[in-house]
Visitor: 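Below you'll find the structure I mean.
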Amino acid sequence: QAEDGIRDLVRSRGLGDVYKRQAFFTFLALLSVNASAQEKHMILLAYAESAGNKSGSVVNLYLDIKEGRGNTFIEMSPFSKIDTQITTKFAKKTACEIAMVNCRRYDFFYRLESESVIVGGPSASAAMAIITLAFLENQELDPNAAITGTLTSGKIIGPVSGIKEKIDAAGKHGIKRVLISSSIKNIEIKDGKEVKIVSLEEYSRLSGVEIIPVTFLEEAFAIMTKTKYYSDIPEIKVDEKYKETMKSIWESLCGKSAELKKEAENQGIKLNESTVELLKKSYEDCLLYTSDAADEEDSVDLGGRRIIK
């Protein structure tokens, strides 16, 4: 118990680990009496693209926890994709590890109510982890804040698509703050055929929504719950052999899209707009997942993982 208490001075945001567990068990005992009163809620931000039209929307996320066997139940209206279900389980596991709670004794009930036809993609995983952690640590979430981002195994918040559309949707629904990945440095605004790149600060002013870049899940949680964030993350050094391996993958995969586009141009083949966009997206996605090989001058280091600026 003493060891837990000492560790808590560095890592947690309140009671010692032992007391947190005791408080959580008591909390769940009360939960069985009046479960509906303890249900957590937060807003997710969604993005959809259909026939070239891009739009953002909001999703209501609810979480309830009851004694059980470690099951994860997900109810989504109207539908969901399999990747959303997979990332939900990963987000739950990550939150349980941070809270240091044995979640195999409890069942987790997630419910999403969406304006969209289908809820899909991993962009809700950071929010899933935060609402789970808020429940486990009995913290209140800021109703005026939302987050959009993926969650990686290093508890790093990753970038997602449709940032502008999601921020616009947040503003329309009264959300005052939106947390995004710190790897995102600017926002693309399209006005007909003209494309303009603006900084996050500039788009905060234009949209009336405060845009907050975050790197780590614990950092985002502290902002969403208005608690203190303790950063004790050590410096991570990337092995040179790993960099060489990723560089080889980058050269063979990422360069393929660029080569195909160049070859088509050399042969006088005119590519339609949708094909060009597909090649561009393929190239950008490849850079994201092999970006440790990127030129250091064109990237940003996030705890050992390199993201293209």
Side-chain angles (χ1 to χ4, degrees), residues 11-14 17 20 24 27 38-46 58-65 70-76 80-104 106-112 119-143 145-160 166 175 177-184 212-233 302-303 305:
R11 297 190 60 199
S12 75
R13 291 158 291 274
D17 297 339
K20 283 199 294 183
F24 181 62
F27 182 54
Q38 305 295 340
E39 187 177 58
K40 288 287 183 185
H41 168 261
M42 71 181 299
I43 293 293
L44 301 183
L45 302 175
V58 300
V59 178
N60 287 293
L61 170 62
Y62 302 89
L63 171 63
D64 199 1
I65 299 178
N71 296 311
T72 303
F73 298 94
I74 307 171
E75 178 187 351
M76 298 188 183
S80 70
K81 293 182 179 179
I82 189 67
D83 53 359
T84 302
Q85 301 172 36
I86 294 171
T87 54
T88 298
K89 295 187 72 173
F90 174 67
K92 183 201 81 172
K93 179 177 179 293
T94 301
C96 291
E97 289 174 354
I98 294 175
M100 287 180 274
V101 172
N102 180 9
C103 291
R104 288 175 293 183
Y106 310 101
D107 287 342
F108 292 70
F109 299 84
Y110 296 89
R111 188 172 86 256
L112 290 95
V119 176
S123 64
S125 54
M128 291 282 194
I130 286 175
I131 194 173
T132 306
L133 190 55
F135 201 122
L136 296 177
E137 297 204 346
N138 196 21
Q139 295 286 348
E140 292 299 319
L141 291 163
D142 182 357
I147 181 171
T148 181
T150 61
L151 177 63
T152 74
S153 57
K155 301 183 183 70
I156 294 173
I157 307 299
V160 294
K166 290 177 179 179
I175 300 296
R177 288 172 289 281
V178 173
L179 281 62
I180 65 172
S181 169
S182 59
S183 65
I184 299 173
I212 306 174
V214 291
T215 301
F216 297 101
L217 177 63
E218 294 93 334
E219 176 189 1
F221 177 77
I223 295 172
M224 295 288 290
T225 56
K226 298 182 179 180
T227 54
K228 190 171 182 180
Y229 170 56
Y230 293 90
S231 177
D232 61 339
I233 301 168
L302 298 181
R305 185 173 184 218

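Keep in mind that the numbers below use all heavy atoms, side chains included, and drop hydrogens, waters and symmetry copies.
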Visitor: Say you draw a straight line from OG1 of T88 to OH of Y110; how long is it, rounded to the nearest 0.5 Å?
Guide: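 The distance works out to 7.0 Å.
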Visitor: Which atom names give the shortest non-hydrogen contact between A220 and I147, and what distance separates them?
Guide: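 Smallest heavy-atom distance, with atoms named: CB-CD1, 3.8 Å.
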Visitor: Got L63 and I65 here, is their nearest side-chain heavy-atom distance under 4.5 Å?
Guide: yes
Visitor: Enter the distance from L217:CG to T152:OG1 here, rounded to the nearest 0.5 Å.
Guide: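 Taking CG in L217 and OG1 in T152, the distance rounds to 9.5 Å.
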Visitor: Go through V178 and I212 one step at a time and tell me if the side-chain contact (heavy atoms from CB on, under 4.5 Å) criterion holds.
Guide: CA-CA 6 Å; V178 173; I212 306 174; over 6 Å; no
Visitor: Could you measure the distance from the CD1 atom of I98 to the CE atom of M100? Nearest 0.5 Å is fine.
Guide: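 That separation rounds to 9.5 Å.
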Visitor: Could you pull out the closest heavy-atom pair between R177 and I175, with the gap in Å?
Guide: O-CG2, 3.3 Å
Visitor: Minimum heavy-atom separation for G154 and F216, please, with both atom names.
Guide: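 Scanning both residues completely, I find the closest heavy atoms to be O-CD2, 4.4 Å.
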Visitor: From the options L44, V160, I157, select the one residue that forms a side-chain contact (heavy atoms from CB on, under 4.5 Å) with T148.
Guide: V160
Visitor: Could you tell me whether the side chain of Y62 reaches within less than 4.5 Å of the side chain of I131, counting heavy atoms only?
Guide: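 A side-chain contact under 4.5 Å is absent here.
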Visitor: For the atom pair CD (E219) and CD1 (I156), what is the distance rounded to the nearest 0.5 Å?
Guide: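 So the gap between those two atoms works out to 11.0 Å.
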Visitor: Does I180 reach the side chain of V214, with side-chain heavy atoms less than 4.5 Å apart?
Guide: no
Visitor: Quick check against the 3.5 Å criterion: does S125 have a side-chain atom that pairs as donor or acceptor with the backbone of L151?
Guide: yes
Visitor: Please report the shortest heavy-atom distance between A95 and A129, naming the atom on each side.
Guide: CB-O, 3.6 Å
Visitor: Do C103 and L136 touch side chain to side chain, with heavy atoms closer than 4.5 Å?
Guide: yes
Visitor: What residues, two or more places apart in sequence or in another chain, satisfy side chain to side chain contact (heavy atoms under 4.5 Å, CB included) together with N71?
Guide: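 Testing N71 for side chain to side chain contact (heavy atoms under 4.5 Å, CB included), a comparison that skips the adjacent residues, returns R69, F73, D107.
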Visitor: Testing the basics here: between A46 and V59, what is the closest heavy-atom pair and its distance to 0.1 Å?
Guide: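 Smallest interatomic distance, heavy atoms only, reads CB-CG2, 3.9 Å.
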Visitor: What's the separation between atom CE in M42 and atom CE in M128, rounded to the nearest 0.5 Å?
Guide: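 Reported value, rounded in 0.5 Å steps: 10.0 Å.
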Visitor: Donor-acceptor check, side chain of K40 to backbone of Q139, threshold 3.5 angstrom: yes or no?
Guide: yes
Visitor: Give, for atom CZ of F109 and atom CD1 of I74, the distance between the pair rounded to the nearest 0.5 Å.
Guide: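 It comes to 12.0 Å.
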Visitor: Does F108 reach the side chain of C96, with side-chain heavy atoms less than 4.5 Å apart?
Guide: yes
Visitor: Please report the closest heavy-atom contact between D142 and K226, naming both atoms and the distance.
Guide: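 Closest heavy-atom pair between D142 and K226: OD2-CE, 3.6 Å.
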Visitor: Return the set of residues passing salt bridge (Lys or Arg N to Asp or Glu O under 4.0 Å) with E75 (not counting sequence neighbours), or none when no residue passes.
Guide: none
Visitor: Can you sort out the partners of K93 under salt bridge (Lys or Arg N to Asp or Glu O under 4.0 Å), two or more places apart, ordered by chain and number?
Guide: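 With neighbours one apart ignored, the set is E97.
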